Each structure stands twice: as C-alpha cells, then as structure tokens.
Novice: 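Got a structure for you, written out below as structure tokens; questions coming shortly.
Along the sequence shown, the residues carry numbers beginning at 1. Bear in mind that the values here come from a model prediction, so they are computed numbers and not experimental data.
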Amino acid sequence: MRDLRSRAEKRVDNKIQFYRNLTAYVIVNAMLFVINWYFTPEFWWVAFPLFFWGIGVLKDFLTAFVFVNLDNESYRERKIQEEMEKLRD
C-alpha cells in the first residue's frame, strides 16, 4: 500500500512540475517576444528560447502524462487518490 502511494505521489508531482514549467514558459516567452518585437524586430532571436525551453516542456509533459494554483494540498491529495485508484486497476 505504501509503495502504491509513493508511486502515485511521484506521478502527481510530475504533473505539478509540468504545469509550473508550462506557465513559466508561456509568461516568460511572451515577454521575450514583446522585447524582441520592440527592440530588434530585424532578428527574431526569441525563436531560440522558444525552441530549446520547449524541448524541456515537452519532456515534462511526456514524463507526467505519457509513461490552477497547484500548490494547493487538497488538489495534490485528490490527484494522489485518483492515481492510486488507477494503479489499483
């Protein structure tokens, strides 16, 4: 039973990490886009952080879903219970 809970906790933590990273990705890259557009519209350097950081976001997505203020403990606990139910089946 404890092993099941620890596995469920890990899966929920991976999902929370993905959502945090995705939120930061969108906000930071939106600001970088505006800065790029305003100061150096002749060279779209913003494509580099979009691409390389996007690889990291994709990795987090795959880790969490393939194989919101999310600091809320009730959300985390609810998701852990859901994951435990999935793992029991």
Novice: When you compare the side chain of R11 with that of L87, does any pair of heavy atoms fall below 4.5 Å?
Specialist: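 With C-beta onward as the side chain, the pair touches.
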Novice: Should F61 and N21 count as side-chain neighbours, where that means a heavy-atom distance under 4.5 Å?
Specialist: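 No, too far: nothing below the 4.5 Å cut-off.
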Novice: From T63 OG1 over to N14 CG, what is the distance, rounded to the nearest 0.5 angstrom?
Specialist: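 That separation rounds to 6.0 Å.
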Novice: Could you tell me which non-hydrogen atom of V46 sits nearest to which non-hydrogen atom of N29, and how far apart they are?
Specialist: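 Heavy atoms of V46 and N29 come nearest at CG2-O, 4.2 Å.
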Novice: Atom CH2 in W44, atom CG in L32: separation rounded to 0.5 Å?
Specialist: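 Separation between the atoms: 11.5 Å.
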Novice: I would like to know whether Q81 and E77 meet side-chain hydrogen bond (donor to acceptor under 3.5 Å, both in side chains); could you show each step before the answer?
Specialist: CA-CA 6 Å; Q81 294 301 323; E77 188 60 36; 3.0 Å; yes
Novice: Among F51, F18, Y19, W53, exactly one meets ring-ring contact (aromatic ring centres under 6.0 Å, His included) together with Y25. Which residue is that?
Specialist: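 Among F51, F18, Y19, W53, the one meeting ring-ring contact (aromatic ring centres under 6.0 Å, His included) with Y25 is W53.
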Novice: Is any side-chain heavy atom of M84 closer than 4.5 Å to a side-chain heavy atom of K79?
Specialist: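 Not in contact.
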Novice: Membership question, hydrophobic clusters at under 4.5 Å side-chain separation (ILVMFWY): are I35 and L50 in the same one?
Specialist: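 Yes; I35 is reachable from L50 via cluster members.
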Novice: Without swapping roles, check the side chain of N36 against the backbone of F43 for a donor-acceptor pair under 3.5 Å.
Specialist: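 Yes, the answer is positive, given that a donor and an acceptor are paired below the 3.5 Å cut-off.
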Novice: Checking F52 now: which residues fulfil side-chain contact (heavy atoms from CB on, under 4.5 Å) with it, not counting sequence neighbours?
Specialist: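 Only F48, I55 meet the side-chain contact (heavy atoms from CB on, under 4.5 Å) criterion with F52.
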Novice: Do you know the tightest heavy-atom contact between E83 and A8?
Specialist: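 Heavy atoms of E83 and A8 come nearest at CB-CB, 3.6 Å.
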